[in-house]
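Report on one structure; see the data block that follows.
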Amino acid sequence: MLHKGKNKIMVGDLVITNNNRQGAVVRLGRDDFGDYIIVKLDLLKWEFAYDPWDLEKVRMCK
């Protein structure tokens, strides 16, 4: 499932949050307020919801 946010985030992508935490996208959703992305952070056991604009994809080095 492709997310229509600014940086085309998909489930499984590695991301960095607006407060510099790394994690992986586990779900994409939409509610009455708009789109959101559920991220499981590397350092915590919980999942958090983020606005698509608060995330940046991690670019892999080749």
Side-chain angles (χ1 to χ4, degrees):
M1 180 176 173
L2 181 66
H3 188 272
K4 296 180 182 178
K6 70 168 183 164
N7 44 15
K8 309 262 192 241
I9 293 175
M10 299 186 313
V11 172
D13 283 346
L14 299 177
V15 294
I16 296 178
T17 67
N18 59 345
N19 58 353
N20 293 323
R21 302 287 186 244
Q22 285 188 297
V25 175
V26 294
R27 278 191 317 278
L28 305 173
R30 178 175 292 149
D31 61 13
D32 293 339
F33 299 106
D35 294 335
Y36 61 89
I37 299 172
I38 304 296
V39 176
K40 180 165 175 47
L41 299 179
D42 291 347
L43 297 176
L44 300 171
K45 297 179 182 180
W46 305 291
E47 297 174 350
F48 296 89
Y50 287 93
D51 183 72
W53 301 99
D54 291 336
L55 299 171
E56 290 291 332
K57 285 174 71 170
V58 174
R59 301 198 190 278
M60 297 292 182
C61 297
K62 291 185 179 182

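For reference, positions follow the sequence shown, starting with 1. Just so we're clear, the structure is a prediction, and the values are computed from it rather than from any experiment.
By the side-chain contact (heavy atoms from CB on, under 4.5 Å) test, D42 pairs with Q22, sequence neighbours left out. Not counting sequence neighbours, the partners of R27 by the salt bridge (charged side-chain N to carboxylate O under 4.0 Å, His left out) test are E47. Residues passing the side chain to side chain donor-acceptor pair (under 3.5 Å) test with N19 are T17, sequence neighbours excluded.
With values rounded to the nearest 0.5 angstrom, D13 atom CG is found 9.0 Å from L28 atom CG.
In this structure, the side chains of N18 and Y50 come closer than 4.5 Å at one or more pairs of heavy atoms. W46 is not listed as a side-chain neighbour of L41, based on a closest heavy-atom distance of 4.5 Å or more. By the 4.5 Å heavy-atom criterion applied to side chains, V15 and V25 are counted as neighbours.
Side-chain heavy atoms closer than 4.5 Å link hydrophobic residues (I, L, V, M, F, W, Y) into clusters, and following such links, even through other members, never connects F33 to Y36. Residues L43 and V58 fall into different hydrophobic clusters, defined by Ile, Leu, Val, Met, Phe, Trp and Tyr side chains chained together at heavy-atom separations under 4.5 Å.
Surrounding CG of L44 are more than 12 heavy atoms belonging to other residues, nucleotides or ligands, all under 6.0 Å away.
Looking at K40, its side chain does come within 3.5 Å of a backbone N or O of K45 through a donor-acceptor pair.
When each of V39, D35, I37 is paired with I9, the side-chain contact (heavy atoms from CB on, under 4.5 Å) condition holds for I37 and for no other.
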